[in-house]
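Residue numbering restarts at 1 for every chain, and letters A, B, ... go by the order of the sequence lines. What you see is a predicted model, and the numbers here were worked out from it, not measured in a lab.
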Amino acid sequence: MQFETLPGFREFYPEACARRNHIFNRWRHVARAFNFLEYDAPVLEPLELYIEKSGQEIVGQLFNFEDRGGRAVALRPELTPSLARLIGAKANSLKRPVKWFNIGENYRYERPQKGRLRAFYQFNVDIFGEPGPSADAELICLLTQALQAFGLGSNDFKVRLSDRDLWLLMLAAEGLDEAGSATVLSIIDKLERTERAKTVERLSSVMGEDAEDFLSRIEEVIAIRDFETLRAYILNLPLEGDLADQAKARIGNWEKLLRHLKAAGAGEFIQIDLGIVRGLAYYTGFVFEAFEASGEGRALAGGGRYDALVQKLGGPDIPAVGFAMGDVTLADLLDGKSLMPAYMQRPEFIAIIGGADERDAALGDAAQLRALGYQVEYPLKDSGFGKQFKAANQSGARFALIYGSEELERSAVKVRDLGNGNEAEIPRDQLIRQVPALLESGIE
RNA sequence: GUGGCUGUAGCUCAGUUGGUUAGAGCACUGGUUUGUGGUACCAGGGGUCGCGGGUUCAAGUCCCGUUAGCCACCCCA
């Protein structure tokens, strides 16, 4: 019986595993550089957790089943609900701000296609307990630095920055209530991939005859790319009283955010683009998406503020902002730009062994080096020198340790720098001591 | 969930109007004197031609179904 991998799932042969870990390592390294703490959560959760957050429709997109105890459960499609529960349970005792990150696999029962599988890894980064824009800025900085850590620059990706609060103010100025605004936001979210006529039709359910003009006003806003224009536009809205104050305060938050981003060196990546609203209803303030600057413009990461979600999921009232980045589109992008390093699992040393006595010597030295944590390989069976040198070159090892009868007679080992072909003979009892210098500067 | 394209060795592919035992390159294994840079030479393993059915004396080849992959929709936490 031949079994095949389930659709949308991947197997990670060593090379693929090394690529995956390369991505994980960079993510983790950058998160730690910002002093985010790593946490983890269960892969299997009560189905209710997701229905509560996203509604009954979500079930069709989950891997869900009934366990032996009769519980309705689901593989997690995302981490945020679990995280909200973790936070909620300990919110009162956690030192704020809470800065946490996770790297984990998520599962969605969808049709696999380019950049989208049924099992994929996500880098989740969140801050809880800080309502001000400095938290949003911290996350966006982390996001840009994480992408830069792979060698991507401002020609490769941008972060589109938008603000649902600003939209709510603009829509309030249009006379829309909360429900109407929510409808309009979901239409704006689909704007890019919908025909204009279709959009007008959808908008007319809210704006009636005015839909055409309304859409023109929306397009005008979405076209704004610089902050001064945005500020002027917002401050000139026909808002009064409390709403006018909110607009001023909001512009103040924008100023803080942009100043912070600029000071931290992330300014060149930021693109103001109110066309981003994120489909999800739970986002409450700044929202952002990192996307490929050239080509397709696929989303690499997305996030924003979700101040009400923890409470909705049964926790305390605590502000939150976060983003998630997937491994699939990122790996596609890195492949396309030849930024995925090769040869990532290779030994530091590989022994070349002449015969039985030489093998004893090699095994002894290898054992010592391995005990110190050096990566050492040797051939498991006897074969000719020619073959062994070839294998050594192909292994990607930095050094060959050559154990031949001549060297052994002198209680020495010949070390060959496989990078440049230079060789040096080292007394075996000095090998361990000289290894750090060898690894540092090779053989001249 | 809908539609289009594609499935021959681990990979990239060839395979004549349907015709004998399905091939090549790369990769892999072993060897060519047991001492030096990815070489060369020899040999070998590996395929129920995605799967099932049909047409035919005969199917990798034609037809139908199915499944998987890719792409575009839908959706995208």
Side-chain angles (χ1 to χ4, degrees), chain A residues 1-11 13 15 45 49-55 57-62 74-84 106-118 120 122 124 126 186 189-190 192-195 198 277-283 287 289 296 298-299 301-304 306 309 312-313 322-326 328-329 332 343 350 352-359 379 381-397 399-408 414-423 425:
Chain A
M1 182 75 190
Q2 184 80 37
F3 294 102
E4 291 179 351
T5 318
L6 255 17
F9 283 73
R10 288 170 290 175
E11 289 166 309
Y13 284 85
E15 196 186 329
E45 289 277 17
L49 182 63
Y50 303 111
I51 296 177
E52 181 63 29
K53 184 196 164 206
S54 310
E57 320 79 63
I58 194 72
V59 177
Q61 295 172 62
L62 296 178
L75 287 171
R76 65 181 182 204
E78 58 165 331
L79 193 62
T80 305
S82 308
L83 173 59
N106 297 286
Y107 309 88
R108 297 179 189 175
Y109 199 90
E110 293 179 298
R111 186 95 170 216
Q113 53 178 279
K114 188 168 184 61
R116 208 164 75 179
L117 301 172
R118 286 182 172 177
F120 54 94
Q122 270 191 350
N124 274 263
D126 297 271
S186 77
D189 181 50
K190 295 175 172 57
E192 271 188 0
R193 43 183 195 271
T194 309
E195 286 173 37
K198 181 96 181 176
V277 295
R278 309 281 297 155
L280 306 177
Y282 66 74
Y283 282 114
V287 289
E289 265 181 27
E296 323 269 292
R298 290 196 63 89
Y306 53 101
L309 187 65
K312 184 185 175 193
L313 292 174
F323 74 81
M325 169 158 31
V328 183
T329 44
D332 282 351
Y343 253 160
I350 183 163
I352 289 175
I353 299 170
D357 291 341
E358 291 84 356
R359 177 168 291 272
K381 63 180 177 186
D382 299 327
S383 72
F385 274 97
K387 269 241 153 96
Q388 292 193 57
F389 274 106
K390 194 164 162 182
N393 287 319
Q394 288 178 342
S395 75
F399 299 98
L401 300 175
I402 303 164
Y403 293 88
S405 54
E406 298 164 25
E407 289 83 359
L408 205 57
K414 189 182 278 181
V415 183
R416 180 182 177 85
D417 187 327
L418 293 171
N420 57 21
N422 295 334
E423 296 183 344
E425 192 163 294

Remember a base hit wins even if backbone is also touched, and classify A:Leu79 as base, sugar-phosphate or nothing at under 4.0 Å, heavy atoms.
nothing
Taking pairing as Watson-Crick or G-U wobble with both contacts under 3.5 Å, can you name the mate of B:U33, or confirm there isn't one?
none
Figure out the OH/C1' separation between A:Tyr109 and B:C74, and round it to whole Å.
16 Å
Looking for any heavy atom pair under 4.0 Å, which part of the strands does A:Asp189 touch: base, sugar-phosphate only, or nothing?
nothing
Mind calculating the distance between CG (A:Leu117) and P (B:A77) to the nearest angstrom?
17 Å
Any-strand Watson-Crick or G-U partner of B:A68, both distances under 3.5 Å
B:U6
Pick the P atom in B:G50 and in B:U12, then give their distance to the nearest Å.
14 Å
Listed pairs, N/O of protein and of nucleotides 66-69 of chain B, under 3.5 Å:
| residue | atom | partner | partner atom | Å |
| --- | --- | --- | --- | --- |
| B:G69 | OP1 | A:Gly8 | N | 3.4 |

Within 45 degrees of the axis of the six-membered ring of A:Tyr107 and under 6.0 Å from its centre: does A:Arg118 put its NZ or CZ there?
no
For B:C75, give the paired nucleotide (Watson-Crick: N1-N3 plus N6-O4 or O6-N4; G-U: N1-O2 and O6-N3; both under 3.5 Å), or none.
none
Under 3.5 Å for both donor-acceptor distances, Watson-Crick or wobble: does B:G38 have a partner, and if so which one?
none
Any strand counts, and the cut-off is 3.5 Å on both contacts for Watson-Crick or G-U wobble. Which nucleotide pairs with B:G60?
none
Which part of the nucleic acid, if any, lies within reach of A:Asp417 when heavy atoms closer than 4.0 Å are counted: base, sugar-phosphate only, or nothing?
base
Determine the interatomic distance between C1' on B:A27 and the same-named atom on B:U21; round to the nearest Å.
25 Å
Cationic N near anionic O, under 4.0 Å, A:Glu423 to A:Lys414:
yes
Taking B:C13 as the reference, what is the distance to B:U8 when you measure between their P atoms (whole Å, please)?
9 Å
B:G46 -> Watson-Crick or G-U wobble partner, both distances under 3.5 Å, gives none
Strictly under 3.5 Å: I want the nitrogen or oxygen pairs between protein and nucleotides 34-36 of chain B, one per line.
| residue | atom | partner | partner atom | Å |
| --- | --- | --- | --- | --- |
| B:G35 | O6 | A:Ser405 | N | 3.3 |
| B:G35 | O6 | A:Glu407 | OE1 | 3.2 |
| B:G35 | N1 | A:Glu407 | OE1 | 3.1 |
| B:G35 | N1 | A:Glu407 | OE2 | 2.9 |
| B:G35 | N2 | A:Glu407 | OE2 | 2.8 |
| B:G35 | N2 | A:Lys414 | NZ | 3.4 |
| B:U36 | O2 | A:Arg416 | NE | 3.1 |
| B:U36 | O2 | A:Arg416 | NH1 | 2.6 |
| B:U36 | O2 | A:Glu423 | OE2 | 3.2 |
| B:U36 | N3 | A:Glu423 | OE2 | 2.6 |
| B:U36 | O4 | A:Lys414 | NZ | 3.3 |

Counting any heavy atom closer than 4.0 Å, what does A:Lys387 reach on the DNA or RNA strands: base, sugar-phosphate only, or nothing?
base
